[in-house]
Amino acid sequence: MAHGEVLEFEEYVRTRQDALLRSARRLVPDPVDAQDLLQTALVRTYGRWDGIADKRLADAYLRRVMINTRTEWWRARKLEEVPTEQLPDASVDDSTEQHADRALLMDIMKVLAPKQRSVVVLRHWEQMSTEETAAALGMSAGTVKSTLHRALARLREELESRDYQERGVRALEPSEERERCAA
């Protein structure tokens, strides 16, 4: 790679790193994994930087590399987790409602398949159009729409399920108090 292209890549990373890290953070829930994901994607993109003819598309190219890398990691993971009927309660350290909502959403996003998660992230967080999302993920616009529809339906189900479980726990609490007072 020519010295000028190295400088161009360095400038690109310097100006876009915050936005790219936010994208990576939305693809993987752990902040350290997000940094690793971005770093890996940057290394892979660096090797092909001179092949990107239109540098205005570098963000889309890098996002695609991040999605592919995350998918590779997901496929290579060790399945040591045991599925259960009920999900554990999510603990939220921050007391502000905004942070609690964000933590809940990131937790709920874990129930989505990688393809669904990618579509939701690109459409709603990255605010890409259906066509842009389709191009970035290498699928048709119709597939993006149906995948997004199914993913949002799955997220709604999960939210309703958690809300129902939470209300059920709250409904039991006052009666338990009455039982303690009666004893």
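With sequence neighbours excluded, no residue forms a side chain to side chain donor-acceptor pair (under 3.5 Å) with Arg22. Every residue two or more places apart in sequence or in another chain was checked for a ring-ring contact (aromatic ring centres under 6.0 Å, His included) with Tyr61, and none qualifies. Annotation: side-chain contact (heavy atoms from CB on, under 4.5 Å) contacts of Ser129 (sequence neighbours excluded): Glu131, Glu132.
Between Tyr12 and Trp49, the two ring planes are tilted [angle within 30° to 60°].
Separation of atoms CG (Leu152) and CG (Leu159) is listed at 10.5 Å; rounding is to 0.5 Å. Separation of atoms CZ (Arg14) and CG (Leu7) is listed at 8.5 Å; rounding is to 0.5 Å.
Two residues are said to be in side-chain contact when any heavy atoms from C-beta on lie closer than 4.5 Å; Ile67 and Leu122 meet this criterion. Between Thr45 and Ile52, the closest side-chain pair of non-hydrogen atoms falls below 4.5 Å. A 4.5 Å side-chain heavy-atom check between Glu126 and Arg26 finds at least one atom pair inside the cut-off.
Nearest heavy-atom pair, Ala134 versus Ala141, reported as atom, atom and distance to 0.1 Å: CB-N, 3.8 Å. Across all their heavy atoms, Asp107 and Arg162 have their closest contact at OD2-NH1, 2.7 Å.
Atom CD of Gln39 sits in a sparse spot, with 12 or fewer heavy atoms from other residues, nucleotides or ligands closer than 6.0 Å.
Under the 4.0 Å criterion applied to side-chain N and carboxylate O atoms, Arg154 and Glu158 are assigned as salt-bridge partners.
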